[in-house]
Amino acid sequence: MAAETARSWHEIVQQTLKRNEITLVPYVPDRVLTPLIKNLHADPYFNVFSTAREEEAVGIVAGAWMGGMRGAVLMQTSGFATLANVLASLVVPSQIPLVMFVSERGTLGEFNIGQSLVCRTMRPVLDSLAMEHHTCTRLDEFEFITDRSIKQAIATQAPVALILSPLLTGGSKKLDK
Amino acid sequence: MNTSPARNTKVMNRFDLTSRLVAKLKNEEAVVGGIGNTNFDLWATGQRAQNFYMLGSMGLAFPIALGVALAQPKRRVIALEGDGSLLMQLGCLSTIATLKPKNLAMVVMDNGVYQITGSQPTPAAASADLIGIALASGLTNSSWAADEEDFERLIEQSLVSDGPMLIGVRIDDKPGTGNTRRDPVQIRERFMQGLGVR
């Protein structure tokens, strides 16, 4: 394998968003997403801002898509848990290629039972709507999964959730102490 | 018994106001109708290709319109939302106030009830002032329309303003007059064609 400076997961997200001309990135933050959010804010290519709720961010990205601008929403697991209504009543039936990056909390050493129970609701909701989703665990696969998933979402006009496992991101640093 | 705070605003009609609004649109402005009656009445004013009718996702008319406004900064975008719907998503007022889109106007149709489910009062009906909430959220150009003439004046202003504008209207408890065809893909595709994206 050719020598290549190892890129972090968040650099891969940033570059892949650019390659796919995704400029609009509303988010509700997560500790794990902090370096990504910080770098997106620092990059003038992106229009990145926080919203009060995740479904608000989904509405914004849906509207932007209809207006010809591509977007992606960043959130954590508990934020995804607030989205069943908007996914089932707007995104899926309208065939909007919503791209979501979900920092997976509540697994692999979680200390908060609230987080761990919420985490268990995520994949059943995605599966019940037959939504494409991938759990990203390996850095060497991450760019392939992300780039291909975004392209497929747009080409097939279907939403996709990219779940960022602690195996990829390192998870919450709090657990290392 | 009406326990609402005293107001000097006239109680108007949603379909009449929506008709007055649409009559002012000459530049293919986008209009996003919220869930239920707001989009039923928008539908009843004639199915412009630049209209989007929300069939679910209660509370997202303003966020969807914000997305359209960000994507197409040269096009004016108007969102129509009910008071009960807005109560579900008050945080979006802060987001819009922070982003300050120059081309976004919002109308909140306030009858104090969830008309479509049997006219139960909203939790805000007897206590809260939605324009006061919008002002406190940072949307400094927010006001109640005193009557139909004042509404038309505010709409005209919103079509040339250089910042987001929110107009509150008190309306009666009449149901919507139209019957939006519930075909989300057709609605979305037609809207995108109307916006020149397809």
- [ ] Answer yes if B:Met109 and B:Trp144 sit in the same cluster of Ile, Leu, Val, Met, Phe, Trp and Tyr residues linked by side chain heavy atoms under 4.5 Å apart, and no otherwise.
- [x] yes
Task: Atom pair CD1/CG of B:Ile64 and A:Leu90 - distance to nearest 0.5 Å - done: 5.0 Å
Task: B:Glu149 atom CD: more than 12 heavy-atom contacts under 6.0 Å - done: no
TODO: Determine whether A:Val73 and A:Ile37 fall in the same hydrophobic cluster, where Ile, Leu, Val, Met, Phe, Trp and Tyr are linked whenever their side-chain heavy atoms lie under 4.5 Å apart.
DONE: yes
Open item on the list: Between B:Phe151 and B:Phe15, is there shared hydrophobic-cluster membership here, with clusters defined by ILVMFWY side-chain heavy atoms closer than 4.5 Å?
Closed with: no
Task: Check against side chain to side chain contact (heavy atoms under 4.5 Å, CB included), A:Glu55 and B:Met88 - done: CA-CA 11 Å; A:Glu55 64 173 358; B:Met88 283 208 167; 5.7 Å; no
Open item on the list: To the closest 0.5 Å, what do you measure between CG (B:Leu99) and OG1 (A:Thr51)?
Closed with: 10.0 Å
Open item on the list: Are the side chains of B:Thr98 and A:Phe49 in contact, using a 4.5 Å heavy-atom criterion?
Closed with: no
Task: Option in B:Gly196, B:Pro184, B:Ser94, B:Ala30 with maximal non-hydrogen atom pairs under 4.5 Å from chain A - done: B:Pro184
TODO: Please state whether the side chain, the backbone, both or neither of B:Val197 comes within less than 4.5 Å of a heavy atom of chain A.
DONE: side chain
- [ ] Using a cut-off of under 4.5 Å on heavy-atom pairs, state which of A:Ala57, A:Ala52, A:Ser94 scores highest against chain B.
- [x] A:Ser94
TODO: Please look at A:Leu87 and chain B and tell me whether the side chain, the backbone, both or neither of the residue comes under 4.5 angstrom of a heavy atom of that chain.
DONE: neither
TODO: Working to the nearest 0.5 Å, report the span between CZ of A:Arg53 and CG of B:Leu60.
DONE: 9.5 Å
Could you go through residues 63-70 of chain A and list every donor-acceptor pair under 3.5 Å that involves a side-chain atom there, pairing it with any protein atom two or more places apart or in another chain?
| unit_1 | atom_1 | unit_2 | atom_2 | d |
| --- | --- | --- | --- | --- |
| A:Arg70 | NH1 | A:Asn20 | O | 2.8 |

Task: Same apolar cluster: A:Tyr45 and A:Val61, side chain cutoff 4.5 Å - done: yes
- [ ] Select one option (side chain, backbone, both, neither) describing which atoms of B:Phe62 are under 4.5 Å from chain A's heavy atoms.
- [x] neither
Open item on the list: Looking at A:Lys18, I want to see if its NZ is surrounded by more than 12 non-hydrogen atoms of other residues, nucleotides or ligands under 6.0 Å.
Closed with: yes
TODO: Applying side chain to side chain contact (heavy atoms under 4.5 Å, CB included), run through A:Gln95 and B:Glu189 and close with a yes or a no.
DONE: CA-CA 9 Å; A:Gln95 297 181 8; B:Glu189 191 65 26; over 6 Å; no
TODO: Using non-hydrogen atoms and a 4.5 Å limit, figure out which bit of B:Ile35 sits close to chain A: side chain, backbone, both or neither.
DONE: neither
Task: Among B:Arg75, B:Met58, B:Met54, B:Arg198, residue most engaged with chain A (heavy-atom pairs, under 4.5 Å) - done: B:Arg198
Open item on the list: Hydrophobic cluster membership, with links at side-chain heavy-atom distances under 4.5 Å among I/L/V/M/F/W/Y: are A:Val28 and A:Leu17 in one?
Closed with: no
Open item on the list: Between B:Val77, B:Leu66, B:Leu70, who has the most heavy-atom pairs with chain A when the cutoff is under 4.5 Å?
Closed with: B:Leu70
TODO: Using a cut-off of 6.0 Å, state whether more than 12 heavy atoms not belonging to A:Arg31 lie near its atom CZ.
DONE: no
Task: side chain to side chain contact (heavy atoms under 4.5 Å, CB included) involving A:Ser128 - partner list, sequence neighbours excluded - done: none
- [ ] Under 4.5 Å heavy-atom distance to chain B, tell me which part of A:Ser50 shows up: side chain, backbone, both or neither.
- [x] backbone
- [ ] Go through B:Gly91, B:Ser57, B:Gly56 and name the one with the most non-hydrogen pairs under 4.5 angstrom from chain A.
- [x] B:Ser57
